[in-house]
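Here's the structure we're looking at; comments come further down.
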Amino acid sequence: MTQPIRVRMAPSPTGDLHVGNARTALCNYLMARRVGGAFILRVEDTDAQRSDASHEEGIYEGLRWLGLDWDEGPDVGGPFGPYRQSERQDIYREAVQQLLASEQAYYDYTTADERAAEREQQRAEGRPPRYSGLGRRFTAAEIAERKSAGVIPAVRFRSEPSPVQFDDIVLGNIRVGPDEVDDFVIARGDGSALYNMAVVVDDEHMRISHVVRGKDHVSNTFRQVLLYEALGWMPPAFAHLPLVVNRRRQKFSSRDGAQWVGEYRTQGYLPEALVNFLVFLGWAPGDEREIFSLDELVQEFRLERVNRADAVFDPQRLDHFNGVWIRRLDLNDLAERAWSYAAQGGLDLRSDQRPYFAAALELEYERLSHLNRTAELMDFFFDDDLDPDMGQVRFRRHSAAETASALERVVALVDETDPFDDPTLEAAMRTLAADLNWRAGDLFMPVRIAVTGRRATPPLFATMEVLGRQRCRDRLRRALVGLAKLAAA
RNA sequence: GGGGCAUUCGUCUAGCGGCCUAGGACACCGCCCUCUCAAGGCGGAGAUCGCGGGUUCGAAUCCCGCAUGCCCUACCA
């Protein structure tokens, strides 16, 4: 007797995939996948003014990147289409007609000015601004007069004074007093349906079993519940998620960091990390585990455990998850993903360098916090004209001249060491340091700078092994030239 | 103005009447590891559980007020 679980994500294409919407989509997806239900994508573009078809593709891309695949939608079709509200107006019109016919809705011939005046007066009297049903009270003659004056009526739902309530999986039972819901508009003057009407009709027609969406929709839910009742339909189960907010605890917007999922992608975040981070905004498993893959979340996530309080988006915590997930990837996977970021970051990569790239990346990846930093982290592996700035050395215990003669011996060592690998190089260099009577670190740092051009790098000898004998030799020679200048100065 | 909802370390959270002198994680600080930087390990600081009343032998947990915040209050979604 239990109906199949069907959930939906219903973005309006007024922008790319917003992080808040991404979280909503994630919760819906997890719900559906856990029980083998259907995850439906429906585009809510009834506001032609603000909707833009180009954003649709951005939303798809964002969802796909996150790994949230859908079963029905405008692009893949499905048994209850079309899945774009702009293409469903006939269906809405029919429902509107039904409400008109049963006198649960009426044509409202008031003008915008009249309604504004009413609101203003209510506000002046300190009363809540609520549409009083002005349009219900016109006589037939008044209506005829307004018609001929060119007033185009909107369709309003006839809301009778009675309390409205519904049960919410996250928030519990929610109710509102008898005078709170006024006669709201369900269809514009041009006949097109408004949001509240369209969602109800769509959720019914698409057999949506659970409406999982942001908390900002709770007040709409009262209107929707009324519409279900009027149309003789059973409302779905509702679950309203807490909002993702900024540090000032307001709705998350562009000023608070990247707003669109695509931006996180270009900033080098892993979809795994964003998913993991987002799910913890309002949910926790109840034990102390924190790292979850999408598949694991499908098993663990329960709407019943979702919090009611809004959650602040903390970019530092996202960064942490990103690092964790980068370190979790296996090398081939990471190399695959980092390659294009590296190319975009300006690294001059030839496709035959993939093994070299992977070997270098293996040394760097615990230092890699964001994929888009790949190039800046690894550029010295690929710059064959590297001209190390030896001025970075702190010539405290050993002068530039002494350092130069030590590096001469390192050049010789680089030529002789065989095999040219991490342990052999390390042993040889330590022996050299001992010969010189230098502290090992005092020798390694100038070599590091000579060979990589920087003070912070992966372990030196592993780095040298990857760079190879030739590069190391060339760079050391060049460093020697620079050192000579420093020694002379 | 009205309504709805919320309120545990700076942040994400655990907690569902005694296990809490409130646990974990991020960020922060210190130490260790160490050729640098990371990563990792260990430790520290950080929450009188928004405030005030109750109920109870006992409350972060239940009830009532208040405060604050957020969302909605469109012929937007």
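All chains are named by letter (A, B, ...) in the order of the sequence lines, taking the proteins before the strands, and each is independently numbered beginning at 1.
Within the 4.0 angstrom heavy-atom criterion, only backbone atoms of the sugar-phosphate kind lie near R175(A); the bases stay farther away. At a threshold of 4.0 angstrom between heavy atoms, the contacts of R305(A) are confined to the sugar-phosphate backbone, with no base atom among them.
Listed by chain and number, the residues in a side chain to side chain donor-acceptor pair (under 3.5 Å) with E118(A) are S132(A) (sequence neighbours excluded). H18(A) meets the ring-ring contact (aromatic ring centres under 6.0 Å, His included) test with W260(A); sequence neighbours excluded. Taking E229(A) as the reference, nothing meets the side chain to side chain donor-acceptor pair (under 3.5 Å) condition, with sequence neighbours excluded.
Annotation: rC16(B) and rC20(B) have their C1' atoms spaced 14 Å apart (nearest Å). Spacing between rG46(B) and rU11(B) at atom C1', rounded to whole Å, works out to 12 Å. Taking atom P in both rC64(B) and rG4(B), one finds a spacing of 14 Å when rounded to whole Å. To the nearest whole angstrom, the two C1' atoms, one in rU48(B) and one in rG43(B), are 25 Å apart. Comparing rU8(B) with rG50(B), their P atoms are spaced 6 Å from each other, to the whole Å. Distance check on atom C1': rA47(B) versus rG10(B) gives 11 Å, rounded to whole Å. For the C1' atom pair drawn from rA27(B) and rG44(B), the interatomic distance equals 14 Å after rounding to whole Å. rC49(B) and rC57(B) are spaced 22 Å apart, taking the C1' atom of each and rounding to whole Å.
Summarising the geometry, the separation between CZ on R394(A) and C1' on rU36(B) is reported as 10 Å, rounded to the nearest angstrom. Whole-Å rounding puts the D319(A) CG to rU11(B) P distance at 18 Å. Atoms CZ (F184(A)) and P (rG3(B)) sit 20 Å apart, rounded to a whole Å. In this structure, F277(A) atom CZ and rU11(B) atom P are separated by 14 Å, rounded to whole Å. Atom-to-atom, CG of L363(A) to C1' of rA39(B) comes out at 13 Å; the value is rounded to the nearest Å. With rounding to whole Å, L443(A) atom CG is found 13 Å from rU36(B) atom C1'. Distance CZ (R455(A)) to P (rC37(B)): 9 Å, rounded to an integer number of Å. We find that CD1 of I169(A) is positioned 17 Å from P of rC5(B), with the value rounded to whole Å.
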* Structure fact -> Its contact letters, B for base, S for sugar-phosphate only and - for none at protein heavy atoms under 4.0 Å, make nucleotides 25-35 of chain B read BSS-------B

* Asked: How does protein contact run along nucleotides 66-77 of chain B, one letter per nucleotide 5' to 3', with B for base contact, S for sugar-phosphate only, - for none, heavy atoms under 4.0 Å?
  -> ----SSSSSBBB

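In this structure, rG30(B) and rC42(B) make a Watson-Crick or G-U wobble pair, each of the two defining distances being under 3.5 angstrom. rC35(B) is unpaired under the Watson-Crick or G-U wobble criterion, no partner having all donor-acceptor distances under 3.5 Å. The partner of rA67(B), taking Watson-Crick or G-U wobble pairs whose two distances both stay under 3.5 Å, is rU7(B). Nucleotide rA22(B) has no partner under the Watson-Crick or G-U criteria, as no pair reaches both atom distances under 3.5 Å. Using N1 to N3 plus N6-O4 or O6-N4 for Watson-Crick, or N1-O2 and O6-N3 for G-U wobble, each under 3.5 Å, rC49(B) pairs with nothing. The partner of rA74(B), taking Watson-Crick or G-U wobble pairs whose two distances both stay under 3.5 Å, does not exist in any strand shown.
Between R327(A) and F313(A), the one whose closest nucleotide on RNA chain B sits nearer the 5' end is F313(A).
With Y269(A) as the partner, the ring pair (Phe, Tyr, Trp, His ring centres under 6.0 Å) test is satisfied by one option alone out of Y341(A), F321(A), Y264(A): Y264(A).
Closest heavy-atom contact between G282(A) and P242(A): CA-CG, 4.4 Å. Heavy-atom minimum distance, L100(A) versus V155(A): CD1-CG1, 3.7 Å.
Cation-pi geometry between R156(A) and Y131(A) is met: under 6.0 angstrom from the ring centre, within 45 degrees of the axis.
Using modelled atom types and a 3.5 Å distance limit, the side chains of H370(A) and D319(A) yield a donor-acceptor pair. A side-chain donor from one of R213(A) and T221(A) sits under 3.5 Å from a side-chain acceptor of the other. Defined by atom type and a distance below 3.5 Å, a donor-acceptor pair is present between the side-chain atoms of D202(A) and Y92(A).
Every pair tested for salt bridge (Lys or Arg N to Asp or Glu O under 4.0 Å) that includes a residue from residues 14-27 of chain A fails, sequence neighbours excluded, so the list is empty.
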